[in-house]
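Worksheet: one structure, shown below.
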Amino acid sequence: MADKPSLRSSLLSFCLFTAALAKKMPYEFIVEQTNTYILPSLPYGYKELEPFIDEATVRVHHLGHHAAYTNKMNAAMQQWERENEIRETDSVVEKSILQILHRLDDVPEKYRSGIRNNGGGYVNHNLYWSVMSPNPNSDDREPINQLGKDMVENFGNFSNFKELFTKEALSLFGSGYVWLSRDINQNGKLVISKTTNQDSPFEDGFLPILVIDIWEHAYYIKHQNRRPKHVSDWWNLVDWSSVEELDKWWKGLNYLFHDEL
Ligand SMILES: *[C@@H]1O[C@H](CO)[C@@H](O)[C@H](O)[C@H]1NC(C)=O
Ligand SMILES: [Fe+2]
């Protein structure tokens, strides 16, 4: 009998260990088919992105802004379903928010801007949180493996890519995002693009693997109006292995974007 508790406790710790390993990244939520999305927890603590993004900013960005987009998106989808009895008559809402944003023109006009702004806000932030990680010692980070090679093929070298991406971030007028994506209409070629407000790159057939949020709420507490400082600080936090993971994840989902969608 004496070995039973120890077997049980080692099983328990094994289960806890695998549960920790299996923790979902925020981007994985965007393909769920639900009208009640949850706010994903961040893959790091609120304080851990310091000194590049301060704790107060991460906290209000996640629990204030991102949470509000989540709630309003859910409310918009529920209203759309309720008023149209969609689950009974149409399969559109049974698609994930990702698929809905990819085919935004199919959303009835009455609900479209609510879905574009809040659904976009939900998805864009899920992606944004997923590609950063703490870097308290400011280690140099660069993409390696296939992504590193593709970076060289598309942009000549990494510093040139950084320069082009930064230029887009500094020239974007108003609020929005800058993205690095795979263009599915060009065989997965890497492209840099920008979107304003909460628009998503999916409408253009881009699968985003890296994104910076350049709404003022992403940096105003620490940097006030100094967007260039926000962008140069953010580069330190980009986690290229997470970017690679996201790149692989999209490859497994390519079927979502074929025309029979
Ligand atoms: C990177 O590419 C740019 C643009 O082609 C070039 O001007 C620069 O010299 C290159 N830098 C390095 C370190 O190779
Ligand atoms: Fe944001």
Side-chain angles (χ1 to χ4, degrees), residues 25-27 29-30 37-44 46 49-50 52-73 97 101 114-133 140-144 147-170 172-180 189-202 208 210-227 229-231 233-235 237-238 240:
M25 287 299 275
Y27 59 78
F29 289 79
I30 68 181
Y37 284 86
I38 65 159
L39 178 68
S41 55
L42 302 187
Y44 32 77
Y46 289 116
L49 299 184
E50 292 195 354
F52 304 110
I53 307 181
D54 56 293
E55 178 181 2
T57 295
V58 178
R59 204 174 269 283
V60 73
H61 200 170
H62 183 236
L63 296 174
H65 298 280
H66 193 181
Y69 291 122
T70 309
N71 295 337
K72 289 180 189 165
M73 168 186 66
I97 186 62
L101 291 172
I115 298 278
R116 168 185 277 133
N117 293 331
N118 298 300
Y122 179 73
V123 167
N124 295 345
H125 285 99
N126 283 24
L127 290 161
Y128 173 67
W129 300 124
S130 296
V131 292
M132 294 186 285
S133 72
D140 274 340
R141 292 169 160 187
E142 283 195 24
I144 51 167
L147 181 60
K149 285 183 202 138
D150 292 350
M151 195 76 90
V152 170
E153 191 179 318
N154 283 268
F155 304 108
N157 57 53
F158 179 60
S159 65
N160 192 45
F161 158 73
K162 259 175 99 167
E163 204 176 305
L164 293 170
F165 191 98
T166 299
K167 202 179 285 175
E168 293 297 315
L170 300 186
L172 188 144
F173 184 74
S175 298
Y177 297 83
V178 177
W179 310 86
L180 175 67
K189 183 179 188 303
L190 290 173
V191 288
I192 299 171
S193 69
K194 51 191 171 187
T195 55
T196 54
N197 304 315
Q198 291 296 356
D199 289 357
S200 299
F202 311 115
L210 175 69
V211 56
I212 182 170
D213 184 338
I214 40 185
W215 282 59
E216 282 185 345
H217 68 223
Y219 62 88
Y220 202 82
I221 298 173
K222 184 175 163 86
H223 293 315
Q224 287 82 51
N225 60 339
R226 295 186 297 273
R227 187 190 285 182
K229 186 69 177 127
H230 167 55
V231 177
D233 274 1
W234 171 82
W235 279 117
L237 297 172
V238 173
W240 291 103

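Every number for a ligand or one of its atoms is a count from 1 in the order of the listing. We number each residue from 1, following the sequence as shown.
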- Item | Any donor-acceptor N/O pair, Tyr122 side chain to Ile38 backbone, under 3.5 Å | yes

- Item | Glu55 backbone acceptor or donor facing Glu50 side chain under 3.5 Å | yes

- Task: Look at the rings of His223 and His230 and say which category their plane angle falls in: under 30° parallel, 30 to 60° tilted, over 60° perpendicular.
- Result: tilted

- Using the test salt bridge (Lys or Arg N to Asp or Glu O under 4.0 Å), find all partners of Lys149 that sit at least two apart in sequence or belong to another chain. none

- Message: In the structure I gave you, are the side-chain heavy atoms of Pro43 and Ser130 within less than 4.5 Å of one another anywhere?
- Response: no

- Task: Please note down the angle at the Fe ion (ligand 2) between NE2 of His217 and NE2 of His61, to the nearest 10°.
- Result: 100°

- Of all N/O/S atoms in Asp213, which lies nearest to the Fe ion (ligand 2)?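 Nearest to the Fe ion (ligand 2) within Asp213's N, O and S set: OD2.
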
Can you list every pair where an N/O of ligand 1 is under 3.5 Å from an N/O on the protein?
residue  : atom   : partner : partner atom : Å
ligand 1 : 2 (O)  : Asn157  : OD1          : 3.4
ligand 1 : 2 (O)  : Asn157  : ND2          : 2.3
ligand 1 : 11 (N) : Asn157  : ND2          : 2.9
ligand 1 : 14 (O) : Asn157  : ND2          : 3.2

- Message: Rounded at 0.5 Å granularity, tell me how far CG in Asn118 sits from CD in Gln198.
- Response: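 Reported value, rounded in 0.5 Å steps: 8.5 Å.
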
- So, Trp129 and His66: side-chain donor and acceptor under 3.5 Å apart, yes or no? yes

